[in-house]
Amino acid sequence: MYTLGIDSSTQGVKALVYDAEAGKAVASASVNFGRDLPEYGCPDGFLTNADAAVRQADPVMWAAALDMVLARLQSQFDTSKIDAIGGDGQQHGSVYLNGKWEAALAGLASAAQAPASLPEALAGALARPVAPIWMDSSTHAQVAALDARFGDALRARTGSPAIERFTGPQIMKFAADDPDAFAATRRIHLVSSFICSLLIGADAPIDVGDGAGMNLLDLSSCRWDEEICGFISPALAAKLPAVGNGRAGALAPYFAKYGLRPGIPVAAFTGDNPASLVGVGADRPGVAVMSLGTSDTFFAAMPTFRTDPDGFGHVFGNPSGGFMSLACFKNGSLAREKVRAMVGCGYDFFDEGAFEQAGGCGLRAFPYFEEEITPIHPATGIEADFDWNAASDAEKVVSVVRGQILNMFERTRWIGAFDVIRVTGGASRSKGIRDTIASVFGAKVETLEVPDSAAMGGAILASRLLAYSRKIESQIGPMPALRTGM
Ligand code: XUL
């Protein structure tokens, strides 16, 4: 049984084929927005904007990347062998579709009138040409309004306080800034449910893992919170898709051009972090995961609902049932890349050499190139507690990594103490970073052979869906109950 996991992330899209019997990936393909789709003007995954708080992407680029990654996959794997599809998207980002969206989906679902490409299918169907992504922090006013109205109840109901990048405040800002375009919006999707909708040629549900990143979902009932939605806009509820995990629909005929079999089941897509939780095998309590990507995230499965008393962390749905905790640090890999460019060194030095030279220096520096979210801190550049300019290259590298990991330790104590931390994402290749994590957290650090943990999680969710529908549940453990809401 082969399943496909698709990860639509900040900087690109990955497609991974998973052999469920062997429990491993057998093929993969990727597309990088900056390198492969430069015509969309998003070298790091977002459009340049004079306002550093505004981070938006072109959703058509995500669709074009889906076409491209499936074509690439087809050139190296017999895609007709794939039996089910699952996947994920970068969290919080939102796509605004108008009245033509339904026809666009119908085109993908019809073998007769299939469009030439996904961007062609989407032509004229966007109510808003841009999609705000998780890096956006331009919604201070909306966060303040939600705080004033709901206070702690927001955290108790949705798992997070009002947060700038979360979709609810983003929708509220759009409704205020462009009421006409908001009125023309028929459907609002997350990145995950948008990609899943294209695949099934119908509106896909928003899953509980990703839906929890909106400030709109009541986690106890898994339904949209009518009061919060109504406060954001009385017109909002009708624009949201259903909430639901499990099967989203069947693969649309359009995708036959990539050798895939139309009709195979597609699981509801989730957020990249909930997908990674599944992909690294940490969807049962006991193990924490550190994902070192564009953002650095720290998360773990959580059996009982508990929120961060300091208000920086979040609770999301765990696609395997129950909840997961998460803390997200915006200055992750892009910040490390900036420091590497400042020092002018290669990965050998950044990942290991610097730590051999200055590992015990005890210095700390915090890289605030982007406005930080955990904790909230303005984009001030490097903040060091020593003379940065007089420091050696090795001290610069080591102090920044130490600063990042110490901050992570401090801000994740509410989640609990862990004996084992599984490290994933590009930067997990660095021995220096792994050793720093082990000493700061006092934990055993495990790396995984799964570099694409989110895509892997999507593929695993697809394989569970398939196994469930084939009634072999007893061989793989219980499937989470299907949860659907408004
Ligand atoms: C999580 C978050 C990021 C994005 C992109 O809250 O904002 O981790 O999911 O990876």
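Counting starts at 1 for both ligands and their atoms, in listed order.
The closest heavy-atom contact to atom 6 (O) of ligand 1, among the options M135, H92, K330, H314, comes from H92.
The existence of a salt bridge linking R128 and D177 is excluded, since no basic side-chain nitrogen approaches an acidic carboxylate oxygen closer than 4.0 Å. Contact check on R422 versus E446 returns a salt bridge, with a Lys/Arg side-chain nitrogen under 4.0 Å from an Asp/Glu carboxylate oxygen.
Taking a 4.0 Å cut-off on heavy atoms, S295 registers as neighbouring ligand 1. At least one heavy atom of D272 lies less than 4.0 angstrom from ligand 1.
Close contacts of ligand 1 with Q91, meaning ligand atoms under 4.0 Å from a residue heavy atom, involve 4 (C), 9 (O). Within ligand 1, counting atoms from 1 as listed, the ones closer than 4.0 Å to a heavy atom of T297 are 8 (O). Each of the following atoms of ligand 1 lies closer than 4.0 Å to a heavy atom of C328: 1 (C), 2 (C), 3 (C), 6 (O), 7 (O), 8 (O). The ligand atoms of ligand 1 that sit less than 4.0 angstrom from a heavy atom of L326 are 1 (C), 6 (O). Atoms of ligand 1 found under 4.0 Å from any heavy atom of R165, numbered from 1 in the order shown, are 1 (C), 2 (C), 6 (O), 7 (O).
Under 4.0 angstrom from ligand 1, the non-hydrogen atoms of N273 all belong to its side chain.
When each of F194, Y96, W101 is checked for a ring-ring contact (aromatic ring centres under 6.0 Å, His included) with H189, only W101 meets the rule.
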Point to revise | salt bridge (charged side-chain N to carboxylate O under 4.0 Å, His left out) evaluation trace for D136 with K173 | key: CA-CA 12 Å; D136 190 285; K173 181 166 195 290; over 6 Å; no

Review point. Can you list the steps and then say if H377 with F366 is a ring-ring contact (aromatic ring centres under 6.0 Å, His included)?
Key: CA-CA 10 Å; H377 192 287; F366 299 93; 8.4 Å; no

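Here salt bridge (Lys or Arg N to Asp or Glu O under 4.0 Å) pairs that include residues 143-152, with residues two or more places apart or in two chains, are R149-E227, D152-R155.
Rounded to the nearest 0.5 Å, atoms NZ (K338) and CZ (R340) are 13.5 Å apart.
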